[in-house]
Amino acid sequence: MGQRLQIFSTIVLFSFLFSISCSTIRKNYRTIRTDVSTTDFSNGKFGKTQKFVLRRINQKPTTYISAARDNLTENLRYFLIKKGANVEIAKEDVITQVTNSANKPEANIFTPEKPTELSKEVIKELLSQQQGELLLDGYIYEKDLGNVIDPDFSTGIIIKVYSIDGTLVGECIIGSFYSTSDFEVNQIYASLIADKIAQNYLSYSEKWFNFFKK
């Protein structure tokens with residue numbers, strides 16, 4: 001009986017280790033197949049940012065799964081905080097209020113399409129009210145090119161960085177073949193974006209942050 005239990009325990013242990021190994025390999029493979037690039041238009045001017053305001057990520061087309069954009073927003077905030085950033089979610093009521101006050105009503109039988117990008121006035125007011133230095137705003141674009149038998153996705157994520165005066169000071173772009181509806185993939189994308197933002201805009205590196213946490 002004892003020998004059978006030992007054999008069973010060994011099998012369970014090897015199965016557990018094998019599953020962990022497969023998960024790690026899959027995650028690394030997905031990361032390798034993801035292209036990420038970033039541009040800092042300010043040439044390091046905002047390299048000591050103390051606080052970010054993160055607007056909830058939009059999605060194109062808007063009919064796609066909304067949970068994916070919410071997950072990416074929360075994952076991005078998590079990984080930025082993990083790297084030592086101070087991150088606050090943008091208050092949509094402030095955005096709506098400033099936008100409505102800036103847009104004068106016009107006599108038009110057609111409903112105008114809402115702009116996807118915030119105006120400089122909205123960015124200024126948002127960062128001022130939430131006492132942030134940089135605004136992170138962006139969207140996910142996904143296109144299902146495959147079918148049930150052979151799934152194939154084209155995924156793009158664009159995150160734009162705005163300063164307190166409403167100027168675009170940076171941009172991070174991700175291109176990949178995996179849908180953000182997969183939570184593991186969603187975390188991979190958020191982690192890669194956070195890495196690039198930290199390299200360009202955080203006042204201290206993850207190494208020093210982790211050192212002081214010990």
Side-chain angles (χ1 to χ4, degrees), residues 35-62 66 68-104 112-142 155-176 180 186 189-206 209:
D35 294 324
V36 56
S37 60
T38 184
T39 303
D40 177 20
F41 304 125
S42 70
N43 294 320
K45 180 180 177 181
F46 299 94
K48 294 185 178 181
T49 301
Q50 297 298 322
K51 183 177 180 180
F52 296 90
V53 174
L54 172 62
R55 190 187 183 196
R56 291 200 174 275
I57 307 300
N58 288 313
Q59 206 146 10
K60 297 181 181 181
T62 55
S66 61
R69 67 179 185 182
D70 293 335
N71 288 338
L72 184 62
T73 302
E74 295 301 328
N75 281 327
L76 181 54
R77 177 169 67 168
Y78 167 78
F79 284 110
L80 284 172
I81 291 174
K82 187 179 178 183
K83 292 182 177 298
N86 182 2
V87 185
E88 186 176 327
I89 298 298
K91 296 177 180 178
E92 290 296 328
D93 57 334
V94 175
I95 296 174
T96 303
Q97 182 181 357
V98 178
T99 302
N100 291 340
S101 62
N103 296 332
K104 297 180 180 179
E113 185 179 352
K114 292 183 179 179
T116 55
E117 293 189 12
L118 299 177
S119 66
K120 286 190 175 184
E121 290 72 21
V122 174
I123 295 172
K124 290 177 184 178
E125 185 63 26
L126 184 63
L127 288 174
S128 176
Q129 287 201 24
Q130 298 192 231
Q131 298 181 338
E133 296 176 62
L134 293 177
L135 172 69
L136 304 177
D137 188 16
Y139 65 87
I140 304 168
Y141 172 81
E142 287 195 345
T155 298
I157 301 173
I158 296 179
I159 302 295
K160 296 185 177 183
V161 186
Y162 296 93
S163 65
I164 189 68
D165 62 355
T167 303
L168 179 66
V169 297
E171 200 166 19
C172 182
I173 300 176
I174 275 186
S176 191
T180 53
N186 200 298
Y189 294 159
S191 178
L192 290 172
I193 295 170
D195 285 343
K196 293 298 183 180
I197 292 174
Q199 289 172 14
N200 288 284
Y201 304 108
L202 275 183
S203 58
Y204 43 87
S205 66
E206 183 181 10
F209 177 68

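We use all heavy atoms of the structure for the numbers below, so side chains are in, but hydrogens, waters and symmetry mates are not.
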From [X] [atom1] over to [Y] [atom2], what is the distance, rounded to the nearest 0.5 angstrom?
| X | Y | atom1 | atom2 | value |
| --- | --- | --- | --- | --- |
| Asp137 | Asn58 | CG | CG | 6.5 Å |
| Leu118 | Glu125 | CG | CD | 12.5 Å |
| Ile197 | Leu134 | CD1 | CG | 9.5 Å |
| Asp195 | Asn200 | CG | CG | 11.0 Å |
| Glu92 | Ile95 | CD | CD1 | 4.0 Å |
| Gln199 | Thr38 | CD | OG1 | 8.0 Å |

Check [X] against [Y] and note the closest heavy-atom contact, atom names and distance.
| X | Y | value |
| --- | --- | --- |
| Ala90 | Leu126 | CB-CD2, 3.8 Å |
| Asn186 | Ala68 | ND2-O, 3.1 Å |
| Ile193 | Ile157 | CD1-CG2, 3.9 Å |
| Ile164 | Ser128 | CD1-N, 4.0 Å |
| Lys83 | Leu202 | O-CD1, 3.5 Å |
| Phe41 | Gly170 | CD1-N, 3.5 Å |

(request) For the pair Lys45 and Val169, evaluate side-chain contact (heavy atoms from CB on, under 4.5 Å) and give the outcome as yes or no after the intermediate values. (result) CA-CA 9 Å; Lys45 180 180 177 181; Val169 297; over 6 Å; no

Results of side chain to side chain contact (heavy atoms under 4.5 Å, CB included) for [X] - residues two or more places apart only:
| X | value |
| --- | --- |
| Ile158 | Tyr139, Lys160, Glu171, Ile173 |
| Glu88 | Lys51, Lys91, Gln130 |
| Ile89 | Leu54, Arg56, Thr73, Arg77 |

(message) Keeping Asn75 on the side-chain end and Ser191 on the backbone end, is there a donor-acceptor pair under 3.5 Å?
(response) no

(message) Treating Glu133 as the side-chain partner and Thr49 as the backbone partner, does any N or O pair qualify as donor plus acceptor under 3.5 Å?
(response)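 Looks like no, no N/O pair under 3.5 Å.
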
Who are the side-chain hydrogen bond (donor to acceptor under 3.5 Å, both in side chains) partners of [X], not counting sequence neighbours?
| X | result |
| --- | --- |
| Asp165 | Ser163, Thr167 |
| Tyr189 | Ser176 |
| Asp40 | Ser42, Tyr201 |

Indicate yes or no: at least one non-hydrogen side-chain atom of [X] is less than 4.5 angstrom from one of [Y].
| X | Y | answer |
| --- | --- | --- |
| Val161 | Phe46 | no |
| Gln59 | Thr180 | yes |
| Leu80 | Leu136 | yes |

(message) Between Thr155 and Ile174, does the side-chain contact (heavy atoms from CB on, under 4.5 Å) criterion hold? Intermediate values first, please.
(response) CA-CA 8 Å; Thr155 298; Ile174 275 186; 5.8 Å; no

